[in-house]
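For this chain, numbers begin at 1 and follow the sequence in order. Keep in mind that the numbers below use all heavy atoms, side chains included, and drop hydrogens, waters and symmetry copies.
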Amino acid sequence: MPRTPISRFPYLRQDFAASLVVFLVALPLCVGVAVASGVPAELGLVTGIVGGIVTGLMRGSSLQVSGPAAGLTVLVFEAVEEFGLPALGAIVLVSGLLQILMGVLRLGRYFRAISVSVVEGMLAGIGLVLIAGQLYPALAAKAPDSGLAKIAGLPGALLDALGKAEAMTSFALGAGTVAVLVLWKHAPAKVRTVPGPLAAVGLATLAALALPQSVATVEVKGLLGSIQPPPMSAFGELAGLGALGTVVAFTLIASAESLFSAAAVDRLHDGPRTEYDKELVAQGAGNTLCGLLGALPMTAVIVRSAANVQAGARTKASRVMHGVWLLLFAALLPGVLGYIPIPALAGILIYSGAKLVPVRQLAALWREHRGEAVILAVTAVSIVAVSMFEGVLIGLALAVVKTAWEASHIRLEVVDKGAGPVDAHLSGNATFLRLPKILDSLEALPQDRPVRLDLSGLHHLDHACRTALENWAERHSAAGTEPVRMTAPVRSEARAEERAEVAAG
């Protein structure tokens with residue numbers, strides 16, 4: 001008996017319904033991210049199409065959805081400003097190839113070892129720059145280039161807008177978009193069948209058409225007109241240190257965001273778990289194709305992925321179909337984009353940026369793990385003050401220093417019976433980071449009494465500490481007392497015995 005479509009695809013109905021929901025969520029976000037990145041709106045749709053159809057068909061994570069992400073908006077904008085739009089395709093292409101290589105080398109699992117505080121700090125920094133940067137188009141003004149300049153210039157931009165009707169109309173549309181997104185969860189259940197971002201953009205578009213003041217809208221070039229494969233000369237730009245740093249930043253940030261998103265999506269459903277290395281290959285394949293088409297980079301996006309799961313998706317068919325719907329929209333109805341007001345897209349990204357700043361989590365982290373809270377805050381501030389890549393490097397360096405400091409816990413116990421030798425027992429990890437504390441404690445011991453220093457409780461004794469302890473023992477013995485008796489660490493004794501056995505054999 002021949003198999004029917006229902007028997008071949010038992011979850012077709014659920015996946016079809018979920019794909020429509022994800023399409024309606026992704027459409028305004030794809031356009032908004034592209035406009036905020038300084039590239040044609042259609043390129044955001046191209047990345048969404050590739051993320052749905054190409055990456056969606058590949059193995060890795062079955063239910064997470066890929067496309068242009070707000071988290072890369074700041075980095076893409078900086079890259080386009082510095083190297084130009086043709087070079088963006090080359091950067092994305094090389095980043096995709098690096099992702100494929102990392103997946104083949106099975107490096108995907110190691111992204112789970114990155115400090116969560118650094119990742120959250122990175123997202124918080126992106127969110128702050130995104131909010132500050134999108135307030136300018138909401139005010140019908142041009143945003144400065146640097147993150148600090150964006151924040152510092154906001155009061156002046158607001159004052160300038162107060163006396164201009166068009167600017168205040170634009171700001172009202174942006175603020176109204178944010179208000180709709182915030183309040184949408186309180187709307188009746190039947191109304192909430194329409195995704196919040198689509199409802200917010202739709203209402204803002206209708207309001208813009210009804211208002212007497214003109215408002216800036218999305219420029220439409222057409223799908224084929226926007227696709228510009230990178231010329232060979234664009235790859236020459238990658239020889240510079242700045243471009244190579246951007247490639248590394250794209251690769252690491254896009255990979256980390258995708259794999260962290262996969263872990264979050266796995267907690268939302270009880271289906272197959274993510275295969276991290278295969279997911280990294282899938283993301284790399286998508287970014288390689290996006291680079292060839294001159295489009296935006298892609299990552300897995302938690303907003304679309306969560307919408308996919310919550311809408312009842314059961315297989316990867318839902319995300320593939322969402323890519324098909326984006327393709328049909330871009331091919332058949334591109335003119336609709338020309339009616340979307342820029343301040344409405346700015347409102348969506350301001351709302352998205354605010355969700356990237358973990359205010360509640362930071363307060364809880366400060367109460368429980370202050371060191372992690374400091375790493376998060378320093379990473380975010382560094383991204384705002386310097387740039388994305390340098391900010392992440394600063395956060396990673398701080399996390400390494402904190403881990404090294406915590407790993408070098410050491411304890412000195414002194415037993416002094418008032419007469420006879422003084423017993424000192426060191427336990428823990430003796431590293432150069434704690435050397436000042438160790439020496440201060442030992443030098444405070446009585447100079448006129450013999451000392452027995454027991455190092456058998458040490459798990460680790462680095463060269464700097466060993467040399468410093470030997471020098472201290474010589475100085476103490478030179479004062480006329482008995483030589484310091486030092487018991488070596490257990491591991492050192494074991495190694496000495498092994499060497500003796502080898503020599504005897």
Only counting residues at least two apart or in another chain, list the ones meeting side chain to side chain donor-acceptor pair (under 3.5 Å) with [X].
X      : result
Thr315 : Asp15
Lys164 : none
Ser37  : none

How far apart are the C-alpha atoms of Thr217 and Ile342, what are their side-chain angles, what is the distance that settles it, and do they pass the side-chain contact (heavy atoms from CB on, under 4.5 Å) test?
-> CA-CA 5 Å; Thr217 56; Ile342 295 292; 5.5 Å; no

Quick check: does any side chain N or O of [X] sit under 3.5 Å from a backbone N or O of [Y], one acting as donor and the other as acceptor?
X      : Y      : result
Lys150 : Gly133 : no
His369 : Gly371 : no
Ser62  : Lys316 : no
Arg360 : Pro358 : no
Gln64  : Ala262 : yes
Asn429 : His459 : no
Asp266 : Thr274 : yes
Thr251 : Val247 : yes
Ser352 : Ile348 : yes
Arg304 : Val65  : no

Do other residues, nucleotides or ligands put more than 12 heavy atoms under 6.0 Å from the [atom1] atom of [X]?
X      : atom1 : value
Phe329 : CZ    : yes
Tyr339 : OH    : no
Leu159 : CG    : yes

Side-chain heavy atoms of [X] within contact of [Y], under 4.5 Å:
X      : Y      : answer
Arg319 : Val22  : no
Leu181 : Pro197 : yes
Leu458 : Ile410 : yes
Met102 : Ser255 : yes
Thr177 : Pro343 : no
Val46  : Ile227 : yes
Ser305 : Ser261 : yes
Leu439 : Leu435 : yes

Glu219 meets the side chain to side chain contact (heavy atoms under 4.5 Å, CB included) criterion, sequence neighbours left out, with none

Could you walk me through whether Val92 and Leu296 pass the side-chain contact (heavy atoms from CB on, under 4.5 Å) test, one step at a time?
-> CA-CA 7 Å; Val92 175; Leu296 291 170; over 6 Å; no

Taking all atoms of both residues into account, what is the closest heavy-atom pair of [X] and [Y], and its distance?
X      : Y      : value
Val21  : Pro195 : O-CG, 4.0 Å
Val25  : Ala307 : CG2-CB, 4.3 Å
Ala124 : Leu376 : CB-CD2, 4.5 Å

All salt bridge (Lys or Arg N to Asp or Glu O under 4.0 Å) counterparts of Glu237, not counting sequence neighbours | none

Do you see a donor-acceptor pair shorter than 3.5 Å between the side chains of Thr55 and Gln283?
-> no

So, Asn287 versus Ser95: side-chain donor-acceptor pair below 3.5 Å or not?
-> no

Salt bridge present between Arg59 and Glu279 (N-O < 4.0 angstrom) | no

Let me see the working for Leu154 and Tyr136 under side-chain contact (heavy atoms from CB on, under 4.5 Å), right down to the final yes or no.
-> CA-CA 8 Å; Leu154 281 175; Tyr136 287 90; 3.6 Å; yes

Which residues pass the ring pair (Phe, Tyr, Trp, His ring centres under 6.0 Å) test with Phe16, sequence neighbours left out?
-> Trp325

side-chain contact (heavy atoms from CB on, under 4.5 Å) between Leu88 and Phe83, worked out | CA-CA 7 Å; Leu88 176 65; Phe83 307 111; over 6 Å; no

